[in-house]
Amino acid sequence: MKKIAWLIILGLVALVGCSNDDIAKPEDKLQEYVDLWNQQDFTEMYTMVPEDVEGEAFNRYEKIYQDVEVENLDVSFEAEVDEEERDLEEIESQVFPIQVSMDTFAGPISFETDVEMVKTTETIDGEEQIDWVVNWNPGLIFPELADGGEIGIDNIEATRGEIFDRNQEGLAINDEVYELGVQPGLFSDEAAEKETIAEALDISVDEIDQALSADWVTSDTFVPLKVFPSLGENLEEAIQSVEALTYQSTTGRVYPLGEAAAHLTGYIAPVTAEKLEELDSSIYSQNDLVGYRGLEELFEEELHGQNGVQIVVNKEGEDPIVLAEQEVQDGEDVQLTIDASRQQQIFESLGDDAGTAAAIDPTTGETLALVSSPAFDPHAFLYGLSNEQWEEWQNDEQNPLLNRFAATFAPGSAFKPVTSAIGLQNGSLDPNEGITINGLTWQKENWGDYSVRRVSESNGPVDLRDALVRSDNIYFAIQAIDMGAETFVEGLQQFGIGEDLPYTYPITSSTISADGSLDNEVLLADTSYGQGQIEMSALHLATSYSIFKNNGNMIQPTLLSDEEQGVNWKENLLSEDNVALMNDALRGVVTEGTGSPANIEEKTILGKTGTAELKQSLDEEGAAENGWFVGYPEDENLIVAMMVEHIENQNGGSGYVAEKVGRVLSE
């Protein structure tokens, strides 16, 4: 009996020793694996898979995770195990469902799949030990890879937004461009034909040879050389004369107005390393194009859009399977109040002169033109700017790279209507009171050698109308001194001088003086007729004249078509009666006075000329002069302010500018 009892006890001990509690459990091993997976410790993970799993195949894990930039990885599973039903010595494997989620550069990816844990046995010290390994396959990277395939990354380039004028005419658009190149096998007289091609494309023969020396070039390969927004007569002739020269059509940025709107639109060009440091690295890369200058830069965020990207599984003969996608966001279009035909017309009217002009609707505030001349070809920065062209622009005395419409200048006598309005409104100026002025110069006793000079002597007392028609500097100097510096400065500030122009495009703020005051009496006098230190932009000057077309209110200029129109920036700057008085005087400037070159049959034009001397000191002689004319038709809502540099060499002085504006307003 004792022997039987001991056998029973030993049997029970043996049974207890072989219970599930003493055998490695698959869910515990899987948890170890999952912990390593969450840490992306692929080296240790590899030690927990069968020996027949190739390292190269398993290493795809790490490479793919790096390529798609996996972050916030979360792998988990729930082991629902019935220990009473499970005999770990009898089963060879067990399957567990797992959940995987992660963030990638293309967006989140999540999936559920099954992991099979396979039992392994090993004899240690004569005893059999049970362990478990992960039955790994590529489907654990992504389920779509289970039966083969490769991970691919498809980039989808965003379409850049376009810039349009008020009539949906393109100012910066995506259009057909022409990539000219050569097919080497078609050369007949290679040396001579390269010379012809170089001249037609404005490149060097060395540049052609460099392109042809690339390893991938064969006799029947198209080798691109330069992109052109259009095929002019010279290019077409070259294509006809050289068989090896041909082109391919593609889509690129086109600026239909070219130089006429170059300073307004700006341009796009490949991003530089320096520029890239300023940009959002999640949106831009070193291969991107970015806006420089003008509206292309100002509205870069809206125009650029955001490229799309897809993480896909590619399998031969099948459509790609999309795992994650960041949808492409095309850029937004920008519509302006600008009138492309008016922009072109004014630019052409400036011809070879350096200058600027702004055209506005004085009742709505819409900007119809912003012109700077001379200018540059905006396509050059995108499709190939030669060193010769860059040096030519840099060394040009007229500085075609300078945006003059965004700058400020002394307005000269074109400012006298503003002084007039200030005096009329504050009551210091009686328009009917004549001032007796003798000779061409006038000064106060304490002015030393300095005196104010006028263009012509008067016959009798000078009133406001006569002073505007003849552009009498002395009259306005006297009025400003009688008004007093404090009152005059207050009036200038009411015209927005000395504060930022509320405008979409960054225009340099107009200034009263270096410190904003007119404490010096000579400076006060000079400022009254647009000299001294006062400076204004063409747009601000045109806007100031809106009081004569907008019931004494100064309109707020707009540039975007969706901006609220008809908003007054400054109000009650001139009474209705004084508006009529000023319009009569400014008509007289054109019919009887300094603005007579603008007097044309087709239109009743009103306006004021101005000549600004660019003196470095009060006693400087022979200084350069800028000429102004601000004009508007009696029966149209249009004001054009134009400035031409260096009119000292032109017959008629500022009348030269008045004639240009007259032609613009008549067409």
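Keep in mind that what you see is a predicted model, and the values were worked out from it rather than measured. Side chains included, hydrogens not; waters and symmetry mates left out as well; all remaining heavy atoms used.
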Without hydrogens or angle criteria, can the side chains of [X] and [Y] be said to hold a donor-acceptor pair below 3.5 Å?
| X | Y | answer |
| --- | --- | --- |
| N568 | N550 | yes |
| T527 | Q533 | no |
| S249 | E176 | yes |
| S188 | E193 | yes |

Below 4.5 Å, heavy atoms only, C-beta onward: do [X] and [Y] meet side chain to side chain?
| X | Y | value |
| --- | --- | --- |
| F222 | T246 | yes |
| T356 | S373 | no |
| F548 | P417 | yes |
| L295 | Y267 | no |
| I547 | N553 | no |
| I360 | L368 | no |

Do side-chain atoms of [X] reach the backbone of [Y] as a donor and acceptor pair under 3.5 angstrom?
| X | Y | result |
| --- | --- | --- |
| E296 | V290 | no |
| T367 | T558 | yes |
| E302 | G331 | no |
| Q310 | A324 | no |
| D396 | E392 | no |
| K549 | E636 | yes |
| S285 | S281 | no |
| R166 | T337 | yes |
| E162 | A172 | no |
| T508 | A406 | yes |

Chi angles and distances behind the side-chain hydrogen bond (donor to acceptor under 3.5 Å, both in side chains) call for D500, S509: CA-CA 5 Å; D500 292 338; S509 299; 2.6 Å; yes
Parallel, tilted or perpendicular, as decided by the 30° and 60° cut-offs, for the rings of F381 and W390: perpendicular
On a heavy-atom basis, which atom in [X] and which in [Y] lie closest, and how many Å separate them?
| X | Y | answer |
| --- | --- | --- |
| R253 | L382 | CB-CD2, 3.6 Å |
| A340 | L257 | O-CD2, 3.6 Å |
| W216 | T221 | CZ3-CG2, 3.2 Å |
| Y255 | I268 | OH-N, 3.0 Å |
| A211 | P224 | CB-O, 4.4 Å |
| L235 | S230 | CD1-O, 3.8 Å |

Mind checking the [atom1]-[atom2] spacing from [X] to [Y]? Nearest 0.5 Å is all I need.
| X | Y | atom1 | atom2 | result |
| --- | --- | --- | --- | --- |
| E366 | N637 | CD | CG | 10.0 Å |
| L264 | I163 | CG | CD1 | 7.5 Å |
| D220 | L186 | CG | CG | 9.0 Å |
| E388 | W393 | CD | CH2 | 12.5 Å |
| L245 | I239 | CG | CD1 | 5.5 Å |
| L323 | T104 | CG | OG1 | 8.5 Å |

Surrounding [atom1] of [X] (heavy atoms of other residues, nucleotides or ligands, distance under 6.0 Å), is the total greater than 12?
| X | atom1 | value |
| --- | --- | --- |
| Q394 | CD | yes |
| E327 | CD | no |
| Q389 | CD | yes |

Carboxylate-amine/guanidinium contact [X] [Y], below 4.0 Å:
| X | Y | result |
| --- | --- | --- |
| K570 | E499 | yes |
| K194 | D209 | yes |
| R160 | E300 | yes |
| E645 | R404 | yes |

Verdict with supporting geometry, E348 and Q344, side-chain hydrogen bond (donor to acceptor under 3.5 Å, both in side chains): CA-CA 6 Å; E348 291 176 354; Q344 183 80 46; 2.9 Å; yes
Verdict with reasoning, H646 to E625, per side chain to side chain contact (heavy atoms under 4.5 Å, CB included): CA-CA 5 Å; H646 293 292; E625 297 176 348; over 6 Å; no
Audit row: L212, V182, side chain to side chain contact (heavy atoms under 4.5 Å, CB included) steps and yes/no: CA-CA 9 Å; L212 291 173; V182 294; 3.7 Å; yes
Summary of side-chain hydrogen bond (donor to acceptor under 3.5 Å, both in side chains) pairs that have at least one residue in residues 536-547, sequence neighbours excluded: S510-H540
Intermediate values then yes/no, ring-ring contact (aromatic ring centres under 6.0 Å, His included), F228 and Y178: CA-CA 5 Å; F228 290 85; Y178 304 90; 9.2 Å; no
Pi-cation contact, Y632 with K603 (under 6.0 Å, within 45°): no
Worked verdict on T511 versus E535 for side-chain hydrogen bond (donor to acceptor under 3.5 Å, both in side chains): CA-CA 5 Å; T511 53; E535 289 197 350; 4.9 Å; no
Pair H304 and Y284, ring centroids less than 6.0 Å apart: yes
All side chain to side chain donor-acceptor pair (under 3.5 Å) counterparts of Y656, not counting sequence neighbours: D353
Side chain to side chain donor-acceptor pair (under 3.5 Å) involving N626 - partner list, sequence neighbours excluded: none
Step-by-step side chain to side chain contact (heavy atoms under 4.5 Å, CB included) determination, I534 to I497: CA-CA 9 Å; I534 191 165; I497 302 170; 4.2 Å; yes
F105/Q326 under side chain to side chain contact (heavy atoms under 4.5 Å, CB included): CA gap, chis, key distance, verdict: CA-CA 8 Å; F105 65 76; Q326 178 178 294; over 6 Å; no
CA sep, side-chain torsions, deciding dist, call: Q531, E613, side-chain hydrogen bond (donor to acceptor under 3.5 Å, both in side chains): CA-CA 7 Å; Q531 291 281 180; E613 291 183 300; 5.6 Å; no
